[in-house]
Amino acid sequence: MKSKAKKLSLFTFAILSIGSFTGCIDNDYDLDGVDMTIGIGNGEFLLPSCSTDIIRLSEVLELNESETVVEQSNGDYYYLQNGNNVSPTHTKVDKITVVKKKGELQDFSFSVANYLHQSGKRTRATNIPVDFNQKQVVYSFAYQGSMPNEVEELIVANTDGKITINTSFSPEVKKFVPVIAELSLELPSFLTIENVKSTQTYTQNGSKLVFKNVSTASNLKVDFTIDKIDFKKKSSTLGSLSTSNRHLSMDADIQMGIKIDNIAIGSSIEGADKCKITADMIINNDLVIEKVRGKFNPSIELDDLGSTDVTGIPDFLTNDGVVIDIDNPQIILNLESNLDIPGFIGGTLTAVKNGQKTTNITIPEVKVLANATSKICICRNKSKVDQAAYTEVVEVPNLSTVLNPIPDHINFAGHARADKTVEADFVLGKQYTIKPSYRIEAPLAFGENARIVYTDSFDDFNSDIKDIEVGDNTYIEFSGDIESKVPAYLNASAVAIDINGNEMPESEVKVAVDGEIKASADGKTPAVSTLKITMKPTKSALKKLDGLKFTVSGSAKSEKNTESVVGQTLNAKNHTLIIKNIKIKLVGQVIADLN
């Protein structure tokens, strides 16, 4: 500490023992052998000029092993603070179960008698060519259920519906129509048929199955699943869908079509008008809907995005007079989500100091990705952020106020919602998880109103000067030219302290600091300033004078508010001071009792 203070405190070069000048002075005035009280000087005494070594910012700003303000590998100073761990939140939307309310079987009845009567006496023929084409509904069914409140719109729903159709032919059909040229089974177009298995080859066109050259000697069996329900096709010639008032209803018919091109002629036409095809159905009593596509608005309880206790702040950010105005602080919010819906998140940052709220900052809503990790940067100036590194960047101009003053506690309360206007795939009944975390990253780069304050003392030299008195109007003047690469305007003040560590009044020792250390505009090009420090003690003040306590403030604005430097991150290695042309002038008389 003492070696740092000797470098930093320019005016301490003037507080030297009369017997020997130290610091940058090579001359040695040894008075140990003089056994008398003498007066030294009665005018001006000027010491030769000298310079200091490079003084790096790391030698001035002491972090005191802070875990919050740290020096990065490149020397940049950063304020880093992680939010506390937050438990993940969960959400789900219940499955939809629709219950069968109706299932009615109808036989396909038809007659071929007219064809036989028209054949007349052509008894030698065994078959008559015909053009028979009919369609009939052979099964009607209906389902009903309720939609959860979180479902805004259903577009497509996957189901577990299974249907088995066992088609049998009456003896009359077997007699007169041994082969049906084409038999079709058709469902409403809003139903998608999958996983078809049949005892006979078939072709499929949407929700229609077509079988060619069907032998009526044995049953035709077919199994399939209703894989999807398409709610965009709400009406069809074979049924309808409705989701009105969150009541889901489906009415559907299965239609059979037959084409006959030959009728067999037997010894008798009895029964030709009583042909019948029966389609026995096995179908689910309930349909469970899980995988769906639509628009959804699940409840997302994400009130707490994290909180943190602010500790380990170095003194130069907490001393009296400090104004925390960070040029571009950033809050990095991560949201890990397996929710299949994009959404939005916003919130409020609250800073608390000494039990009182110091600021509330509203964070506007930003987009959250579906089924991904969203990396969101909340910043003061988005133009100074690598936007490609984040999924979203949101600008909050007053963000820096959360750190002014440095709080004891920061809380991040949130609110989240799904984007109910977006079509998305969703699994009903599945528990989705969202886990938030955040951290504050604030490079110590000054905003326009920023000011940090550093205090230190240079003491323990009373033993060298306690036997010295000065004449009236005696003073010591220090001056030097300062080359600064620090991107801040530096101003210093000083006060004398006694052997008990108490400040001495100006009536005993007056210390004046004249001049401002100019800021480097870019942190690279040095700015040159002249600083003069004058110390004027009273006759006996040196008997209890033990040191100097100094305060140095670093500001973005010059003392007269005519110039400012903002946006340059303070760097421990690259931002330096050099004091050149150091001169120490003693004006007046020094009386030393060297006995």
Side-chain angles (χ1 to χ4, degrees), residues 88-103 141-165 187-197 204 206-207 222-236 239-252 254 281-302 336-343 368-372 416-435:
T89 188
H90 305 288
T91 187
K92 72 174 182 178
V93 178
D94 291 337
K95 298 177 184 179
I96 298 175
T97 299
V98 289
V99 179
K100 187 169 73 170
K101 295 298 183 180
K102 181 180 76 171
F141 59 93
Y143 284 89
Q144 293 181 359
S146 298
M147 292 198 317
N149 292 331
E150 297 88 348
V151 179
E152 295 287 330
E153 179 184 352
L154 280 177
I155 297 173
V156 177
N158 292 60
T159 71
D160 60 350
K162 296 179 181 179
I163 295 180
T164 297
I165 303 176
L187 279 72
S189 59
F190 52 73
L191 298 179
T192 300
I193 297 173
E194 298 285 352
N195 305 313
V196 180
K197 295 179 182 179
Q204 181 175 351
S207 57
V222 59
D223 297 293
F224 57 87
T225 59
I226 299 176
D227 187 62
K228 294 177 182 177
I229 304 173
D230 189 344
F231 288 87
K232 291 181 293 185
K233 302 174 181 178
K234 289 192 173 183
S235 63
S236 164
S240 63
L241 286 172
S242 174
T243 55
S244 177
N245 297 320
R246 301 196 173 279
H247 179 73
L248 194 159
S249 63
M250 176 175 67
D251 291 282
I254 299 178
M281 300 280 175
I282 301 176
I283 188 169
N284 298 54
N285 286 326
D286 298 334
L287 295 179
V288 178
I289 297 174
E290 295 184 46
K291 294 182 179 180
V292 291
R293 183 167 184 81
K295 297 177 181 179
F296 308 90
N297 189 21
S299 175
I300 303 173
E301 296 181 1
L302 202 58
E336 299 176 29
S337 172
N338 65 349
L339 189 63
D340 294 319
I341 311 168
V368 177
L369 298 178
N371 198 20
R417 63 184 177 90
D419 189 347
K420 63 182 182 180
T421 67
V422 173
E423 287 187 20
D425 295 317
F426 201 82
V427 180
L428 302 179
K430 175 182 176 179
Q431 179 175 275
Y432 290 94
T433 301
I434 304 170
K435 181 171 176 54

Between the side chain of [X] and the main-chain N/O of [Y], is any donor-acceptor distance below 3.5 Å?
{"X": "Glu194", "Y": "Val196", "value": "no"}
{"X": "Thr89", "Y": "Glu301", "value": "yes"}
{"X": "Thr91", "Y": "Ser299", "value": "yes"}

Test item: [X] and [Y] side chains (from C-beta on) under 4.5 Å apart, heavy atoms:
{"X": "Asp227", "Y": "Ile193", "answer": "no"}
{"X": "Ile341", "Y": "Val422", "answer": "no"}
{"X": "Val292", "Y": "Val156", "answer": "no"}
{"X": "Asp160", "Y": "Leu287", "answer": "yes"}

Partner set under ring-ring contact (aromatic ring centres under 6.0 Å, His included) for Phe224, not counting sequence neighbours: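 In terms of ring-ring contact (aromatic ring centres under 6.0 Å, His included), with neighbours along the sequence ignored, Phe224 is linked to no residue.
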ring-ring contact (aromatic ring centres under 6.0 Å, His included) against Phe426, all qualifying residues, sequence neighbours excluded: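 With neighbours one apart ignored, the set is Phe296, Tyr432.
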Ile163 and Leu187: CA distance, side-chain angles, deciding distance, side chain to side chain contact (heavy atoms under 4.5 Å, CB included) verdict: CA-CA 11 Å; Ile163 295 180; Leu187 279 72; 4.3 Å; yes
Residue pairs, two or more places apart or on separate chains, that pass salt bridge (Lys or Arg N to Asp or Glu O under 4.0 Å) and touch residues 424-433: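 For residues 424-433, and leaving out neighbouring residues, the salt bridge (Lys or Arg N to Asp or Glu O under 4.0 Å) pairs sorted by first residue read Arg293-Asp425.
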Contact list for residues 90-102, test salt bridge (Lys or Arg N to Asp or Glu O under 4.0 Å), sequence neighbours left out: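 Found Lys95-Glu290.
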Working for side chain to side chain contact (heavy atoms under 4.5 Å, CB included), residues Lys228 and Phe190: CA-CA 8 Å; Lys228 294 177 182 177; Phe190 52 73; over 6 Å; no
Separation between [atom1] of [X] and [atom2] of [Y], rounded to the nearest 0.5 Å:
{"X": "Ile226", "Y": "Ile283", "atom1": "CD1", "atom2": "CD1", "result": "5.0 Å"}
{"X": "Thr164", "Y": "Lys197", "atom1": "OG1", "atom2": "NZ", "result": "10.5 Å"}
{"X": "Leu241", "Y": "Ser235", "atom1": "CG", "atom2": "OG", "result": "9.0 Å"}
{"X": "Ile289", "Y": "Leu428", "atom1": "CD1", "atom2": "CG", "result": "8.0 Å"}
{"X": "Leu339", "Y": "Gln431", "atom1": "CG", "atom2": "CD", "result": "12.0 Å"}
{"X": "Ser207", "Y": "Asp230", "atom1": "OG", "atom2": "CG", "result": "10.5 Å"}

What are the two closest non-hydrogen atoms of [X] and [Y], and how far apart are they?
{"X": "Ile434", "Y": "Ser337", "result": "CG1-OG, 3.7 Å"}
{"X": "Leu154", "Y": "Phe231", "result": "O-CB, 3.3 Å"}
{"X": "Ala252", "Y": "Pro188", "result": "CB-CG, 3.6 Å"}

Go through the side-chain N and O atoms of [X] and [Y] and say whether any donor and acceptor fall under 3.5 Å apart.
{"X": "Thr433", "Y": "Asn338", "value": "no"}
{"X": "Thr225", "Y": "Asn195", "value": "yes"}
{"X": "Thr421", "Y": "Asp419", "value": "yes"}

Test side chain to side chain contact (heavy atoms under 4.5 Å, CB included) applied to Lys232 and Ile155, step by step: CA-CA 6 Å; Lys232 291 181 293 185; Ile155 297 173; 3.8 Å; yes
Non-neighbouring partners of Asn245 that pass side-chain hydrogen bond (donor to acceptor under 3.5 Å, both in side chains), sequence neighbours left out: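 For Asn245 there are no side-chain hydrogen bond (donor to acceptor under 3.5 Å, both in side chains) partners, ignoring immediate neighbours.
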Derivation and outcome, side chain to side chain contact (heavy atoms under 4.5 Å, CB included), residues Val288 and Thr159: CA-CA 6 Å; Val288 178; Thr159 71; over 6 Å; no
Would you tabulate the side-chain donor-acceptor contacts of residues 142-152 under 3.5 Å, counting partners in other chains and residues two or more places apart, or write 'none'?
from: Tyr143; atom 1: OH; to: Asn284; atom 2: O; distance (Å): 2.3

Among Lys234, Lys295, Arg246, the one residue meeting salt bridge (charged side-chain N to carboxylate O under 4.0 Å, His left out) with Glu153: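 So the option named by the test is Lys295.
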